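Heads up, the thing below is written out as structure tokens.
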Amino acid sequence: MFTPYHRAWLARIGANTVAQHQLPENIAAVLAPVPHELRSSVPSLSSLGFEQTNLQTLGMHGGESAGQALLNDFVVRMDRYGEARDYPSLKGPSYLGVHLRFGTVSIRHLVNLALERVRAGSQGASVWLAELAWRDFYFQILANFPRVAHHAFKPEYDHIQWESGEHAEALYVAWCEGRTGYPIVDAAMAQLNQTGYMHNRLRMVAGSFLVKHLGLDWRWGERYFATHLNDFDLSANNGGWQWVASSGCDAQPYFRIFNPVTQSERFDAQGKFIRRYIPQLAGLSDKAIHAPWAAKPMELLAAGVELGVNYPAPVVDHAQARERTLARYGFLKKSGDQAGTAAEQ
Ligand SMILES: Cc1cc2nc3c(=O)[nH]c(=O)nc-3n(C[C@H](O)[C@H](O)[C@H](O)COP(=O)(O)OP(=O)(O)OC[C@H]3O[C@@H](n4cnc5c(N)ncnc54)[C@H](O)[C@@H]3O)c2cc1C
């Protein structure tokens, strides 16, 4: 469980700062020598099979200096992380995931910076520090239980009967392309497809939608994220997907099913994030934008929204999908795995 792990993690760090490994002055001296035949002809990226990316267009830069620039930008926001991190239209998180994933920022340096703010009484820093601990938590899950890369952490969850066949494939494509008819899910997928990043709250919402609304195997979503996230990391991605599917270590219980409309109203109340990624819905009111199918025909007309024409009708009904999921996972309750009454978040 994460809570005792986190407690032990903090105790291990204790009151001290974490030791950092300094790079030697002359780094070239400790690197393996480049073989003579490679010196004159360094292969081009395209000859190695890499394709042109849009990272430059997005203003994303690699390397240590780019990581440091993002860190400088975040340090002054760290104290507000706790309040801001859940709202996708706000600049709440650090966006350092990609640098952590490629090692262009030092995790020990980040921990020390956060600890410094925690000691000064910053709530935001302590929430952020816990996120860094989650990263380690999932590392150690993967290291100690490598089977999670292909199987549910809780083996009984591998007996769940997922949707299959043409209908399931079509639902999957609609999810990937952001055409589910649920604006918050579609905006999240548009963010991923256009930028290679998805806000953490939306990873949970879009992930949960794939598993608990569309009834699709979490591994399908895991694979899609692995291909599209710039910060893709096997342990965190697998941990995140097993969390939404409820099959993971310390995951949410299976009967807790995110309501995408409620999540949207709560975390994107004014629809700012939705409007950014789904401009054809921009003319809807702050209320209607979360569930266009429930809007009055006059409002849809005035906003230029034609369901099924320039924005899809919902691919599933929330209440029915929820019932199907409770039935799909229901055998776990009978097998005594998770007691509890159906609850909705
Ligand atoms: C379905 C799903 C898939 C995910 N896939 C990945 C992935 O492939 N790679 C990845 O790094 N994170 C993944 N996460 C965790 C989290 O969403 C991202 O780490 C975070 O959104 C990255 O943005 P940030 O750097 O601005 O994070 P911040 O909020 O600033 O957090 C700082 C750092 O803490 C770590 N962190 C934060 N939350 C988590 C978490 N829940 N689990 C593990 N580490 C965390 C990350 O290294 C992150 O960069 C996933 C979460 C879910 C629900």
Side-chain angles (χ1 to χ4, degrees), residues 2 5-6 9 60 66-67 69-88 90-111 113-114 117 124-143 148-149 175 185 188-189 191-192 195-212 216-252 256 258 263 267 345:
F2 176 73
Y5 174 83
H6 184 211
W9 191 89
M60 277 191 72
L70 275 184
L71 179 57
N72 294 344
D73 188 62
F74 176 64
V75 163
V76 290
R77 295 187 281 115
M78 196 190 287
D79 293 350
R80 295 192 305 275
Y81 177 77
E83 300 102 64
R85 69 180 184 136
D86 266 322
Y87 301 91
L90 295 183
K91 200 173 168 188
S94 68
Y95 308 105
L96 281 166
V98 68
H99 289 279
L100 280 165
R101 182 251 178 275
F102 286 102
T104 41
V105 75
S106 153
I107 181 66
R108 288 160 181 263
H109 181 48
L110 299 188
V111 168
L113 282 176
R117 295 297 314 145
S126 97
V127 178
W128 194 62
L129 188 60
E131 297 306 325
L132 300 181
W134 269 105
R135 176 174 176 268
D136 278 2
F137 180 70
Y138 285 138
F139 278 158
Q140 62 88 25
I141 293 291
L142 181 62
V148 297
W175 179 83
V185 175
M189 296 308 290
Q191 182 182 38
L192 176 64
T195 71
Y197 176 81
M198 191 192 287
H199 187 275
N200 177 59
R201 167 65 43 186
L202 301 179
R203 294 187 202 200
M204 295 192 282
V205 172
S208 172
F209 190 86
L210 177 104
V211 178
K212 294 190 177 167
L216 302 178
D217 191 329
W218 56 270
R219 280 159 282 229
W220 294 17
E222 184 195 20
R223 199 168 53 227
Y224 193 77
F225 272 26
T227 316
H228 288 80
L229 279 175
N230 289 328
D231 65 19
F232 162 63
D233 175 278
L234 177 57
S235 54
N237 195 42
N238 182 271
W241 276 98
Q242 297 228 32
W243 185 88
V244 296
S246 304
S247 62
C249 178
D250 208 354
Q252 65 169 346
R256 190 160 279 176
F258 276 138
Q263 289 285 312
F267 296 108
Q345 196 169 11

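Predicted, not measured: the structure shown is a model, and the values here were computed from it. Every number for a ligand or one of its atoms is a count from 1 in the order of the listing.
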> Can you tell me which residue and heavy atom of the protein come closest to atom 2 (C) of ligand 1, and the distance to 0.1 Å?
Replying inline: G240 CA, 3.7 Å
> Short list, please: which atoms of ligand 1 are under 4.0 Å from a heavy atom of R135?
Replying inline: 43 (C), 44 (N), 47 (O)
> What are the two closest heavy atoms between G82 and R85, and how far apart are they?
Replying inline: O-CG, 4.0 Å
> Is the closest heavy-atom distance from F74 to ligand 1 below 4.0 Å?
Replying inline: no
> Please state which protein non-hydrogen atom is closest to atom 9 (N) of ligand 1 and give its distance, to 0.1 Å?
Replying inline: D231 O, 2.9 Å
> To which of L132, L129, D136 does the heavy atom nearest atom 34 (O) of ligand 1 belong?
Replying inline: L132
>> Under the salt bridge (Lys or Arg N to Asp or Glu O under 4.0 Å) definition, can you give me all pairs with a residue in residues 228-243, not counting sequence neighbours?
In response: R203-D231
> So between S94, S208, A236, A84, whose heavy atom ends up nearest atom 27 (O) of ligand 1?
Replying inline: S94
> At their closest point, which heavy atom of P93 faces which heavy atom of R77, and how far apart are they?
Replying inline: O-NH1, 3.0 Å
>> I want to confirm something. Looking only at heavy atoms, which of F2, W128, Y95 is nearest to atom 24 (P) of ligand 1?
In response: Y95
> Is there a heavy atom in F232 that sits closer than 4.0 Å to ligand 1?
Replying inline: yes
> Can a non-hydrogen atom of Y81 be found less than 4.0 Å from any atom of ligand 1?
Replying inline: yes
>> Protein non-hydrogen atoms only, distance under 4.0 Å: does atom 30 (O) of ligand 1 have such a neighbour?
In response: yes
> Any idea which of M198, E222, E131, Q242 brings a heavy atom closest to atom 38 (N) of ligand 1?
Replying inline: E131
>> Students should be able to answer this: which protein heavy-atom is nearest to atom 8 (O) of ligand 1, and at what distance?
In response: D233 N, 3.1 Å
>> Quick check: G97 and ligand 1, any N/O pair under 3.5 Å apart?
In response: yes
>> Taking a cutoff of less than 4.0 Å between a non-hydrogen atom of the residue and any ligand atom, is M204 in contact with ligand 1?
In response: yes
> So which heavy atom on M198 is nearest to which on A188, and how close?
Replying inline: CE-O, 3.5 Å
> What's the shortest heavy-atom distance between Y95 and L70, and which atoms?
Replying inline: O-CD1, 3.3 Å
> With a 4.5 Å heavy-atom cut-off, do V244 and W241 have their side chains touching?
Replying inline: yes
>> Would S247 and Q242 count as a side-chain hydrogen bond (donor to acceptor under 3.5 Å, both in side chains) here? Give the steps.
In response: CA-CA 5 Å; S247 62; Q242 297 228 32; 2.8 Å; yes
> Nearest 0.5 Å, what's the CH2-CG distance between W128 and L96?
Replying inline: 5.5 Å
> How far is atom 40 (C) of ligand 1 from its nearest protein heavy atom, and which residue and atom is that?
Replying inline: W134 CB, 4.0 Å
> Which bit of Y197 is near ligand 1, meaning a heavy atom under 4.0 Å away: side chain, backbone, both or neither?
Replying inline: side chain
>> Among N238, N237, L234, which one puts a heavy atom closest to atom 3 (C) of ligand 1?
In response: N237
>> Using every non-hydrogen atom in the two residues, find where F258 and V205 come nearest and quote the distance to one decimal.
In response: CD1-CA, 4.3 Å
>> Using every non-hydrogen atom in the two residues, find where P88 and H199 come nearest and quote the distance to one decimal.
In response: CA-CD2, 3.6 Å
> By number and element, which atoms of ligand 1 are closer than 4.0 Å to a non-hydrogen atom of Y138?
Replying inline: 42 (N), 43 (C)
> So do W175 and W220 actually touch side chain to side chain, heavy atoms under 4.5 Å?
Replying inline: no
> What's the spacing between M78 CE and L71 CG if we round to 0.5 Å?
Replying inline: 7.0 Å
> Are S246 and R256 close enough, and set up right, to give a side chain to side chain contact (heavy atoms under 4.5 Å, CB included), and what steps lead you there?
Replying inline: CA-CA 9 Å; S246 304; R256 190 160 279 176; over 6 Å; no
>> For F137, give me all partners under ring-ring contact (aromatic ring centres under 6.0 Å, His included), at least two apart in sequence or on another chain.
In response: F2, Y5, W134
> Can you tell me the protein heavy atom closest to atom 14 (N) of ligand 1 and the distance?
Replying inline: R203 NH1, 3.5 Å
>> Counting only heavy atoms closer than 4.0 Å, does ligand 1 sit against the backbone of N200, its side chain, both, or neither?
In response: both
> Looking only at heavy atoms of L96, does any of them come nearer than 4.0 Å to an atom of ligand 1?
Replying inline: yes
>> Quick test: of every protein heavy atom, which one is nearest to atom 48 (C) of ligand 1, and how far off is it to 0.1 Å?
In response: L100 CD1, 4.2 Å
> Short N/O distance, under 3.5 Å, between F225 and ligand 1?
Replying inline: no
